[in-house]
Amino acid sequence: MPPKKRTRKEADLEGEYESYTNEQLRDALKNAGKNPGPIDAANRKLYINMLIKTQTTTETDTTTPSPVVLLSSPEKGYKKSKIASGSSSPLMRTPLVATRKLPSPSFSYSPTLTAEPKQKGFDVTKIEGLTAATFTPFASDGEVNLRVIRGYADFLLKQGVRSVFVNGTTGEGVSLTDEERKLVAEEWLKVAGKRMTVIIHVGSMSLKSTCDLAMHAEQNGAAAIGAMPPSYIKPPSLDSLVLYLQKVGEAAPNTPLFYYHIPVLTGVKFSMEDLLKAAVTDIPTLRGLKYTDEDMMEFTRCLACEKGSFPIMYGRDEQLLASLAMGGIAAVGSTYNYCGLLNNRLLKYFKEGDLKSALREQRRSDDAIMILRKYASIAGGVGAGKAILKARGFDVGPPRLPLLPLSVEDYGSLVTDLKSIGFFDWA
Ligand SMILES: CC(=O)N[C@H](C=O)[C@@H](O)[C@H](O)[C@H](O)CO
Ligand SMILES: CC(=O)C(=O)O
């Protein structure tokens with residue numbers, strides 16, 4: 001569909017709001033019943049759009065008493081609202097909460113900002129380069145081993161990796177208790193706070209836990225939060241996912257939220273472009289995606305969405321180079337824990353236009369990923385990844401059940417396999 005042209009009224013409003021200071025914009029949004037976070041140059045446009053929509057929607061509501069919001073269908077994904085009264089002209093998408101009295105949880109959050117924001121000044125809207133999806137260290141008794149994290153941060157920094165995604169898939173986030181997740185998050189923020197960008201993953205099976213973790217991440221000054229959707233009782237429609245993320249955002253109104261798209265694991269697959277469009281009006285804190293899928297067309301459309309307002313972090317280390325060719329500048333993954341130098345060279349070669357060298361590094365990375373996959377069939381991807389990290393020089397201990405550590409013999413043959421591809425020379 002071609003981009004919808006602004007109506008005269010919308011254009012006038014846009015002109016007016018553009019002259020507002022960030023403070024005035026915030027006040028206007030509050031008067032319109034919104035709950036905006038801090039407004040800055042990077043998100044001004046999103047908030048101006050939101051304000052325009054509050055104005056234009058109210059007007060439509062009075063002339064059209066019963067706007068119909070169609071639910072998304074699994075095949076088509078998100079659909080724009082249409083005016084019910086016979087007119088076929090599409091209505092600007094109406095904010096979900098204003099029109100749809102869907103049941104929402106009765107508990108409400110009123111976060112109080114207490115701690116000094118450790119990550120003040122880290123702007124994830126401009127995030128670039130590699131983000132390591134960190135492993136959670138466990139001691140041999142199976143308990144989380146926080147003491148290792150400081151050295152782990154140093155190990156990543158030595159590879160030129162300056163950003164971490166904590167408690168995600170690689171971090172066995174869903175295998176931890178909420179209490180453990182908070183401790184791990186706090187430790188990363190403590191040891192990496194001023195040196196690295198810290199994104200805390202807060203997705204879980206329960207909205208309430210997720211909101212609690214989001215609030216905790218905000219109070220402890222995370223640069224951003226990430227959230228995968230619940231994957232057992234899944235959101236049945238994009239609308240429901242939007243409402244879910246809206247609630248998560250309300251629990252951490254001052255912290256950018258990245259939606260974690262990893263359909264191969266969650267089984268939740270809606271159009272990410274539609275999610276971003278819906279976010280403009282309905283999820284003010286949603287500021288980007290962690291995109292772990294192979295659909296390069298969707299990836300690049302998300303990058304281009306809303307004139308490039310949303311950073312999209314690419315999450316398939318197997319084809320980092322392809323993501324760069326399609327416009328990506330940021331990536332998040334498990335192999336950047338131990339192939340940071342290699343992938344940083346890949347990024348550098350690509351920037352310099354040396355595609356041949358960039359491809360050589362990608363193929364090396366993929367040789368390592370083939371070994372990761374081989375041992376994943378024994379220990380799970382995270383168990384195998386922890387073993388490769390150990391071979392590379394940093395031991396974070398075993399994974400937690402149901403994942404298994406490699407046996408001594410298997411670990412030995414892993415090291416032999418890594419030697420055979422030259423891993424220790426180039427990783
Ligand atoms: C399932 C999983 O853990 N995916 C990771 C990120 O989302 C990736 O970083 C992979 O580990 C990596 O691409 C290797 O397959
Ligand atoms: C790999 C990744 O991005 C995650 O573990 O969440």
Side-chain angles (χ1 to χ4, degrees), residues 118-119 122 124 127 130-137 144 146 149 152-153 156 161 163-189 192-193 196-232 235 241 244-245 247-249 251-252 255-266 268 275 283 285-293 311-317 330-334 336-337 381-382 385 396 399-400 403:
K118 294 191 180 57
Q119 295 251 294
F122 285 77
V124 285
I127 194 155
L130 304 179
T131 294
T134 54
F135 295 98
T136 295
V144 168
L146 298 174
I149 292 176
Y152 190 0
L156 293 174
V161 174
S163 168
V164 286
F165 187 84
V166 175
N167 291 339
T169 308
T170 307
E172 299 172 77
V174 291
S175 300
L176 304 176
T177 65
D178 290 358
E179 194 49 43
E180 287 174 326
R181 289 176 74 158
K182 289 181 186 174
L183 292 172
V184 173
E186 283 171 28
E187 190 63 18
W188 273 105
L189 284 158
M196 304 173 101
T197 304
V198 182
I199 306 173
I200 304 293
H201 177 249
V202 298
S204 76
M205 292 306 118
S206 151
L207 172 63
K208 200 161 174 176
S209 283
T210 298
C211 288
D212 183 44
L213 292 168
M215 194 156 70
H216 174 266
E218 172 156 309
Q219 286 174 343
N220 284 279
I225 53 175
M228 64 167 188
S231 61
Y232 189 71
L241 176 60
Y244 182 90
L245 294 172
K247 291 284 167 208
V248 178
T255 306
L257 166 66
F258 282 72
Y259 176 66
Y260 184 0
H261 183 54
I262 181 161
V264 69
L265 289 184
T266 59
V268 176
L275 175 68
I283 322 171
T285 68
L286 194 136
R287 302 289 285 281
L289 301 177
K290 172 182 180 316
Y291 188 90
T292 305
D293 200 0
I312 316 292
M313 304 174 80
Y314 192 64
R316 274 280 170 242
D317 318 7
V332 51
S334 69
Y336 309 138
N337 282 291
V382 176
V396 289
R400 175 169 280 181
L403 302 180

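Reckoned from all heavy atoms, side chains included, excluding hydrogens, waters and symmetry mates. All residue numbers in this chain count up from 1 along the given sequence.
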side-chain contact (heavy atoms from CB on, under 4.5 Å) between M313 and L289, worked out: CA-CA 6 Å; M313 304 174 80; L289 301 177; over 6 Å; no
Evaluation steps, side-chain contact (heavy atoms from CB on, under 4.5 Å), between V332 and Y314: CA-CA 6 Å; V332 51; Y314 192 64; over 6 Å; no
Stepwise side-chain contact (heavy atoms from CB on, under 4.5 Å) check, V264 with D293: CA-CA 8 Å; V264 69; D293 200 0; over 6 Å; no
side-chain contact (heavy atoms from CB on, under 4.5 Å) between L213 and D178, worked out: CA-CA 7 Å; L213 292 168; D178 290 358; 4.1 Å; yes
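For S204, the side-chain contact (heavy atoms from CB on, under 4.5 Å) test picks out R181, S206, S209, T210, with sequence neighbours left out. Here T134 pairs with nothing under the side chain to side chain donor-acceptor pair (under 3.5 Å) rule; sequence neighbours left out. Judged as a side-chain contact (heavy atoms from CB on, under 4.5 Å), and not counting sequence neighbours, the contacts of T266 are M228, P229, S231, I262, V268. Residues satisfying the ring pair (Phe, Tyr, Trp, His ring centres under 6.0 Å) criterion with Y152, sequence neighbours excluded, are W188, F394. Here S334 pairs with nothing under the side chain to side chain donor-acceptor pair (under 3.5 Å) rule; sequence neighbours left out. Under the ring pair (Phe, Tyr, Trp, His ring centres under 6.0 Å) criterion, F135 pairs with no residue at all, not counting sequence neighbours. Take F165 and apply the ring pair (Phe, Tyr, Trp, His ring centres under 6.0 Å) test, not counting sequence neighbours, and it matches H201, Y260. Taking T292 as the reference, K290 meet the side chain to side chain donor-acceptor pair (under 3.5 Å) condition, with sequence neighbours excluded. Not counting sequence neighbours, the partners of A223 by the side-chain contact (heavy atoms from CB on, under 4.5 Å) test are Q119, F122, V124, T197. Residues satisfying the side-chain contact (heavy atoms from CB on, under 4.5 Å) test with T255, not counting sequence neighbours, are E218, I225, A252.
Separation of atoms CD (E186) and CD (Q219) is listed at 10.0 Å; rounding is to 0.5 Å. Annotation: the span from L130 atom CG to L156 atom CG amounts to 10.5 Å, rounded to 0.5 Å. A distance of 11.5 Å separates CG in N220 from CE in M215, rounded to the nearest 0.5 Å. To the nearest 0.5 Å, the span separating CD on E172 from OG1 on T169 amounts to 10.5 Å. Interatomic distance, Y232 OH to M205 CE, rounded to the nearest 0.5 Å: 10.5 Å.
Of all heavy-atom pairs spanning G221 and L189, the tightest one is O-CD2, 3.9 Å. Smallest separation of non-hydrogen atoms from Y336 and V161: O-CG2, 3.7 Å. Scanning both residues, P230 and P235, for their nearest heavy atoms gives O-CD, 3.4 Å. Of all non-hydrogen atoms in G226 and L257, the two that sit nearest each other are C-CD1, 4.4 Å. Considering every non-hydrogen atom in both S175 and R400, the closest pair reads O-NH1, 3.1 Å.
Looking only at side-chain heavy atoms (C-beta outward), L183 and V144 stay at 4.5 Å or farther from each other. Counting only heavy atoms from C-beta outward, the side chains of N167 and V174 never approach each other to under 4.5 Å.
With hydrogens and angles ignored, the 3.5 Å screen pairs a side-chain donor or acceptor of T136 with a backbone N or O of G171. Listed for the N337 side chain is a donor-acceptor partner under 3.5 Å among the backbone atoms of A133. Listed for the E180 side chain is a donor-acceptor partner under 3.5 Å among the backbone atoms of T177.
Just one of I283, L245, V248 meets the side chain to side chain contact (heavy atoms under 4.5 Å, CB included) condition when paired with Y259; it is L245.
In this model, no donor atom of one side chain and acceptor atom of the other lie less than 3.5 Å apart for H216 and D212.
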